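See below for the structure under consideration.
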Amino acid sequence: MKTALITGITGQDGSYLAEFLLEKEYRVYGLIRRNNTINFERIAHIQNRIEFIQGDLLDQNSLVEALKISNPDEVYNLAGTSFIPACFDQPILAAESTAIGVTRLLEAIWTTKPDTKFYQSSSSEMFRGAIEVPQNENTPLSPQNHYGIAKAYAHWVTLFYRQNYNLFAASGICYNHESPHRGIEFLPRKVSDGVAKIKLGEAKHLTLGNLEARRDWGFAGDYVKAMWLMLQQDRPDTFIIATGLVHSVRDLVEIAFNYVGLDYRDYVISDPKYFRPDNKILLVGDYSKAYNILGWKPEVTFPKLIEMMVKADLERNGKAQT
Amino acid sequence: MKRALITGITGQDGSYLAELLIDKGYEVYGIIRRSSSFNTARIDHLYQDPHEWGVRLKLIYGDLNDSSSLNKIIQKVQPDEIYNLGAQSHVRVSFDIPEYTAEVTGLGTVRLLEAIRETGVKTKFYQASSSELFGKAKEIPQNENTPFYPRSPYAAAKAYAYYITVNYREAYNFFACNGILFNHESPRRGETFVTRKITKAVARIKYGLQDKLYLGNLEAKRDWGYARDYVGAMWLTLQQEEPDDYVIATGESHTVREFLEEAFGYLDMDWNDFVEIDPKYLRPTEVDLLLGDSSKARKKLRWEPKVTFKELVKMMVDHDLEEMGKQVFGTGTPANGRREKKIPILQTV
C-alpha cells in the first residue's frame, strides 16, 4: 500500500486528491494548520479515513516530524495563501507560506526521506505578464502580483531540488480549476451560489465585475488526477494542466442562469468597482505535453462544470432553507 | 462612536467581545486569518452584508505573522481600543508546532505594539494573558504578584507577550494592559478543548452516536469560568484611569474528573462507563493546579463572575444536546449545527 502526505487537504484540491488517492487504496495523511474553528467541511465525508498531523508550513520541525510520522511515498504540496486579494493584504505571510513554505518542505524531505516523490502546485498566475498565447512549459515566467511571485519562487526552488539534489520533484502549472468545493470568494462559485440563491428567492441580483474577462477554467477533479499521474512517471518534470479553451464571465453567467431557466440579463449587475486591470494577453494553457506524456486530458466540459456547481449550490442552499 | 479592533475575533472570546462592544455602541473591526474554509461560524450571527446595511462589524484580512498587514490595518482603522485575542491558543498543540506558536502568540504581540508605535495611533491596548503563565504554580491561589513558571511552548510565548506589553507601557507610556485570564469556557469553546470535548461527547453518547470518550489527565485542576463574564472584564480593564494588569478568575477550582461527573451526572449517566485514557492527550509537561485570586479586579474593576461551575457545565451540555438533536432529527441544520449565513465580504486595506 502506498502512502501519501497532502498539505492543504482541507482545501478544494486537497479534498478531491484525498478522495482520488483513497480510491486507489493509498494510506492518506493530511497536514493540518491549527484552527480554532473546525474547517473540515470539504472532507467531512472521508475524514475518518484520513490520518491528520498537526503542522504548519511556517514551522520547520513540524514538517520534519510529519514526514517521520507518515513516511510517505508521495508528498503533494497544495497549501498556500490561494486568494489573490488576501495576498495584497498580507504579502509577507503569503510569501512565508506559498514561497518559503516550499523550501521548508523540500528541506524536510531532503533531510528526512529523500526518495519521497514531491508534487508542487504551481499556477498560471506565474504567466500573468507573458507575451505568448497559449502558454506552455517553455514560456518564460512573468509574475505580476504577490501570489504569482511567491508561486514563481516555489516553482523555481522545486526545479532546483530536482536538478541539484536529485529529488523526484514535479511541478504542475495549473490554470484556474473550479468545482462545488471551490471557496465562495472565487468568481465561478460566487456565480453558482448567487444563481442558486436567486432561484430560491433568497437574493434579487448578482453583482460582478467585468463580464468580458476571459479565463481558462477546468474541473478540479480532473486536475488532481494529473497531479497523481506526474508522480507515477519515471522521471520528474513540469507540466501545464489546462483546458486550452477560454470562456468569458458572460458565458459563465449565461450557462449558470440558463440551467435554472432564468435570463442572466435580468439579474446580473456589472459594477466597475470590481473591474481588475485587464491582462495584456490571454491566460490559456497548452496541455499537449501532459496529453502526450501523462495521457491526461480534461474530461468535464465548461458547461458541465458550471451546471455541476449550480446544482450543488441549489442543494446546499435548499437544505439551509428548510 | 468608539472604534475597537479585535484580533482573534473568530474565536470564542472574540465573538463574545464583539457582541458586547456592539451592544455598547462601538464600531468593531475584526482581523481574520485567510482560510479557504469557513472560519467565521462564531460571528456569523453578528454579520450583515455591508452592501445592504451600515453595519458596525467589519472584517479585514490580516495576520499576526505579517507586520505589514497590521500596520496598514491600524493606520486605516484608527482604533480607540485594540484587543489582542489572536493566538495559537491550544496548549497541547503548541508542543507540535512550537515555532509557529512563538511567532503568532509571542511575536505577534510585539508586531501589534510596534504597529501602534509606528503609526502613532492613540489607542488603548489589551493583551490576553493566560493563567498558563503560572504553570507549575509557585503559590496557591495565584494573583498579580505570583511569579511565572511557564510549562509549554504556548505559555512561554504568552510570557513574552505579557512582558513586552508591560514594557511598552513603561517605555513608551502606552495604555497597555494584561488580563491574566484563568480558563474560561462556553458553548462556543473550540471542540478540541477538554471541557467542550466532554460536553459534546456527552450529547453524542446520549444520542447513541459515540460510545467512548478518550481523554488525557483527569486530575488536572482548573479554575473554570464563563467566557461571556470574562470579556466584560477585558472591556473594564480599558475603561480605567490608569493601565494595569489584572487576574480574572472565579477563585474556585475543579478537576477534569469533577467536570466529567457534573456533565455525565446531569444526564444521569456514569462517566466511568465511557471514558478511557489515551496517553496521546497528555501534555509532555503538565500544569497541575490553577486557582486564581481576582480580588484586585473585584475591587478596582468591580468585576465578578456571574455563572457558577455547575451552571456552566449545564449550559454547555444543554447547548450540545440541542445541536446534536437537530442533526439527529434532521431539521435541515448542516453538520456544524448552524445555518449557513451570509458570507462575510471582506474589506481590503
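Lettering of chains follows the sequences in order, A, B, ..., and the numbering in each one begins at 1. All values derive from a computational prediction rather than experimental measurement.
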K197(B) charged N/C atom sitting above Y281(B) aromatic ring, 6.0 Å / 45°: yes

Cation-aromatic face contact R188(B)/Y16(B), 6.0 Å, 45 degrees: yes

Between Y154(B) and H90(B), ring centroids under 6.0 Å: no

Option in G190(B), G62(B), A102(B) with maximal non-hydrogen atom pairs under 4.5 Å from chain A: G62(B)

Residue among S67(B), S35(B), S89(B) with most heavy-atom pairs under 4.5 Å to chain A: S35(B)

Distance-only polar pair, side chains of T192(B) and R92(B), donor-acceptor under 3.5 Å: no

Candidate list R204(B), R196(B), K200(B), R189(B), test salt bridge (charged side-chain N to carboxylate O under 4.0 Å, His left out), partner D320(B), passing option: R196(B)

Contact origin within Q12(B) toward chain A - heavy atom pairs under 4.5 Å: backbone

Interface residues of residues 51-68 of chain A facing chain B - heavy atom cut-off under 4.5 Å: Q54(A), G55(A), D56(A), L58(A), D59(A), Q60(A), N61(A), S62(A)

Side chain to side chain contact (heavy atoms under 4.5 Å, CB included), paired with I32(B), selected from T40(B), I6(B), D63(B): T40(B)

Atom NZ of K190(A) with >12 non-hydrogen neighbours under 6.0 angstrom: yes

Contact class of R42(A) relative to chain B, heavy atoms under 4.5 angstrom: side chain

Heavy-atom contact with chain B under 4.5 Å, split by part of F186(A): side chain

Y76(A) vs S121(A) side-chain heavy atoms within contact, under 4.5 Å: no

Expected output: side-chain N183(B) to main-chain W224(B) donor-acceptor under 3.5 Å: no

Closest-packed option against chain B by number of heavy-atom pairs under 4.5 Å, given S82(A), G11(A), P91(A): P91(A)

